[in-house]
Number of protein chains: 2
Amino acid sequence: MLNHSDLDTAFRALSDASRRAIVERLVRGPATVGTLAEPLAMSLPAVLQHLAVLEAAGIVTSQKVGRVRTCSLVPGALAGPTAWLQHQRLPAERRLDRLGDHLAAAGGPEASDSSQEQP
Amino acid sequence: MLNHSDLDTAFRALSDASRRAIVERLVRGPATVGTLAEPLAMSLPAVLQHLAVLEAAGIVTSQKVGRVRTCSLVPGALAGPTAWLQHQRLPAERRLDRLGDHLAAAGGPEASDSSQEQP
DNA sequence: CTAATACTTAAGGAGATGCTTAACCATTCG
DNA sequence: CGAATGGTTAAGCATCTCCTTAAGTATTAG
């Protein structure tokens, strides 16, 4: 069973547009605190606080080298919220996902999709 | 003053364990306010406030007949958060979803279209 | 060395959240 | 009718959230 307090913090972390913007940026690769702060229209301490929320939720990690802190997404960190959402879908909506799960369990997904890349 | 997006309110609504419990109950079918309140260990007004949050997020609807209000899930209401989460997955994790999308577009199960609405 | 860069910490405030109790409809039962 | 049922509203309060400014700490460049 899923731990509800983990879901609390994960969904809470994603309920802020600035934090979602940070996640969207980090999907494209690691970034420094300054880089993440640039498009956000708020002070640096505010960004630091958002990053603290994301780190507490296990969505973002960071390491400091010299005076630069580089942040990156934690792989699979969004699996918890995603799984919960899939479980709460109505039966009719759930069929596609179950088909996907079946295919995932039956064999490797990489062969069927290797010919297409993101635009 | 603050302008919250749909994703803000949706993720915010799901960040509370009591509200997620309400959603989990409603997936199994509609229920009255009293039924939803029973397992929640809080006062009825508190439950009403949680329901108001879920209704404001477009996740739950309700109609009153006589003195009984019956609540139900809005079909496809969780599609927004779900889609955002799918988009933020790392490329390696995203392949399965793209496979699922491909199967859906190719004429998969007919149920998913009729049960989802776009705002 | 000094200065600039890149964060970091501390303190605080306006407003939101999650709960409470008390009182108040409106509908249905006897 | 009066009482019970199911829900609703109002008010208040402790806590949390998101942001601010001011004043730090390291680290690197000149």
Side-chain angles (χ1 to χ4, degrees), chain A residues 4-26 29-73 81, chain B residues 1-26 29-72 81:
Chain A
H4 276 218
S5 60
D6 281 354
L7 282 177
D8 278 27
T9 47
F11 279 124
R12 189 75 189 71
L14 298 176
S15 72
D16 183 275
S18 302
R19 287 194 292 263
R20 287 199 307 278
I22 290 174
V23 170
E24 287 169 3
R25 169 62 187 80
L26 291 179
T32 70
V33 170
T35 302
L36 292 172
E38 217 172 312
L40 281 187
M42 66 181 62
S43 68
L44 204 62
V47 175
L48 264 286
Q49 284 163 16
H50 282 308
L51 284 171
V53 171
L54 288 167
E55 291 209 38
I59 295 172
V60 165
T61 337
S62 69
Q63 51 262 332
K64 199 168 182 179
V65 176
R67 64 186 167 182
V68 177
R69 178 172 297 276
T70 301
C71 305
S72 48
L73 271 193
Chain B
M1 177 92 177
L2 282 179
N3 188 6
H4 289 285
S5 73
D6 286 351
L7 282 178
D8 278 37
T9 46
F11 279 125
R12 187 77 188 70
L14 298 177
S15 72
D16 183 276
S18 301
R19 287 193 293 262
R20 287 201 307 280
I22 289 174
V23 171
E24 288 168 3
R25 169 61 187 82
L26 290 179
T32 69
V33 171
T35 302
L36 292 172
E38 217 172 312
L40 281 187
M42 67 181 63
S43 68
L44 204 61
V47 176
L48 264 285
Q49 285 162 16
H50 282 307
L51 284 171
V53 171
L54 288 167
E55 291 208 38
I59 295 172
V60 164
T61 337
S62 67
Q63 51 264 329
K64 199 169 181 178
V65 176
R67 63 187 169 180
V68 176
R69 179 173 295 278
T70 301
C71 306
S72 49

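Values below: every heavy atom of this structure, side chains too, minus hydrogens, waters and symmetry copies. Here is the naming used below: chain letters follow the sequence lines, and residue numbers restart at 1 for every chain. Everything quoted here is computed from the prediction, not taken from an experiment.
- Atoms CE (M42(A)) and C1' (dT21(D)) sit 15 Å apart, rounded to a whole Å.
- Using a 4.5 Å heavy-atom threshold, the side chains of C71(B) and T32(B) count as separate.
- Heavy-atom distances under 4.0 Å link DNA chain C to G66(B), R67(B) of residues 59-68 of chain B, given in residue order.
- In the model, R20(A) has a side-chain atom that pairs as donor or acceptor with a side-chain atom of S5(B) under 3.5 Å.
- Regarding contacts with the backbone of dC19(D), a side-chain N or O of H50(A) is found under 4.0 angstrom from either OP1 or OP2.
- Each of L44(B) and A46(A) was assigned the nucleotide of DNA chain D with the nearest heavy atom; the assignment lying further toward the 5' end belongs to L44(B).
- Whole-Å rounding puts the Q49(A) CD to dT17(D) C1' distance at 9 Å.
- To the nearest angstrom, P of dG18(C) lies 12 Å from CG of L14(B).
- Side-chain contact check for V53(A) versus I59(A): every heavy-atom pair is 4.5 Å or farther apart.
- Residues T70(A) and V33(A) form no side-chain contact, since every pair of their non-hydrogen atoms from C-beta on lies 4.5 Å or further apart.
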Verdict with reasoning, L36(B) to L40(B), per side chain to side chain contact (heavy atoms under 4.5 Å, CB included)
CA-CA 8 Å; L36(B) 292 172; L40(B) 281 187; 5.6 Å; no
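- Using a 4.0 Å cut-off, some side-chain N or O of R19(B) falls inside it from OP1 or OP2 of dG18(C).
- Atom CG in L51(B) sits roughly 13 Å away from atom P in dG18(C) (whole-Å rounding).
- Between S62(A) and E55(A), the side chains place a donor N or O and an acceptor N or O closer than 3.5 Å (distance only, hydrogens not considered).
- Side-chain atoms of R12(A) and S15(A) form a donor-acceptor pair, as typed in the model, at a separation below 3.5 Å.
- For the pair F11(B) CZ and dA16(C) C1', the interatomic distance rounds to 20 Å; values are reported in whole Å.
- One can place CG of D16(A) at 14 Å from C1' of dC16(D), the figure rounded to the nearest angstrom.
- The side chain of R12(B) places an N or O atom within less than 4.0 Å of a non-bridging phosphate oxygen (OP1 or OP2) of dG18(C).
- One atom, CD of E38(B), and another, C1' of dG7(D), lie 15 Å apart when rounded to the nearest Å.
- Checking dA11(D), dG7(D), dT9(C) against the side-chain heavy atoms of V33(B) singles out dG7(D) as nearest.
- Proximity of S43(A) to the phosphate of dT20(D): a side-chain N or O atom is located under 4.0 Å from OP1 or OP2.
- Side chain of L48(A), nearest nucleotide from dC19(C), dT8(C), dC19(D): dT8(C).
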